[in-house]
Amino acid sequence: MLSKEDQRRFDEITHQLRLTDPEFVARLGDRGKLRRARLILVLTFVLWATVPALVVLGGWLAVAIAPAVLVAATLLMWQARRNR
């Protein structure tokens with residue numbers, strides 16, 4: 001926690017930064033969005049990697065479900081790349 005004086009000074013600094021370099025502030029604001037997109041991409045790759053194992057281990061049921069999983073993974077990847 002910051003003291004009241006430190007918080008006031010921090011607010012002054014951030015206000016000045018917003019005025020002088022709005023692009024930098026905008027990039028910092030998008031960090032959560034980028035992290036979420038990266039997580040979706042990683043999960044998509046994991047789905048793609050597990051489908052062959054599911055087909056081998058799961059038999060015909062997995063063969064029937066695998067295309068739906070691959071389509072879902074592709075849509076997730078496409079959406080994550082679009083949101084960058």
Side-chain angles (χ1 to χ4, degrees):
M1 284 303 295
L2 296 175
S3 68
K4 288 185 180 189
E5 180 61 30
D6 290 338
Q7 184 64 43
R8 185 188 62 75
R9 181 68 183 132
F10 179 74
D11 291 338
E12 287 175 5
I13 292 170
T14 56
H15 178 71
Q16 185 64 29
L17 185 60
R18 283 190 182 105
L19 293 176
T20 59
D21 197 358
E23 289 178 22
F24 176 74
V25 174
R27 282 193 312 258
L28 284 180
D30 291 343
R31 289 175 80 187
K33 192 177 191 181
L34 289 173
R35 234 182 259 157
R36 211 171 311 116
R38 247 184 254 130
L39 177 64
I40 289 173
L41 283 174
V42 168
L43 289 175
T44 302
F45 288 128
V46 168
L47 280 174
W48 274 91
T50 58
V51 166
L54 287 174
V55 169
V56 170
L57 297 175
W60 288 105
L61 180 62
V63 170
I65 294 173
V69 172
L70 290 175
V71 168
T74 303
L75 290 174
L76 284 172
M77 185 182 301
W78 177 73
Q79 183 180 9
R81 289 187 60 125
R82 192 184 68 178
N83 288 338
R84 275 188 177 180

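Just so it is clear, the values below take in all heavy atoms, side chains as well, and ignore hydrogens, waters and symmetry mates. Note that the coordinates shown come from a computational prediction; the quantities given were computed from them, not determined experimentally.
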- Task: Kindly indicate whether the side chain of V42, heavy atoms from C-beta on, has any atom under 4.5 Å from the side chain of R38.
- Result: no
- Query: Of R9, Q7, H15, which meets side chain to side chain contact (heavy atoms under 4.5 Å, CB included) against D11?
  - Reply: Q7
- From the list T20, T14, I13, side chain to side chain contact (heavy atoms under 4.5 Å, CB included) partner of Q16 resolves to T20
- Same cluster for W60 and L70 if Ile/Leu/Val/Met/Phe/Trp/Tyr side chains link at under 4.5 Å? yes
- With sequence neighbours excluded, tell me which residues meet salt bridge (charged side-chain N to carboxylate O under 4.0 Å, His left out) with R8. E5, E12
- For V71, which fellow cluster members are found when Ile, Leu, Val, Met, Phe, Trp and Tyr are connected by side-chain heavy-atom distances below 4.5 angstrom, either directly or through intermediates? L75
- Task: Measure the spacing between CZ of F45 and OG1 of T50 and express it to the nearest 0.5 Å.
- Result: 13.0 Å
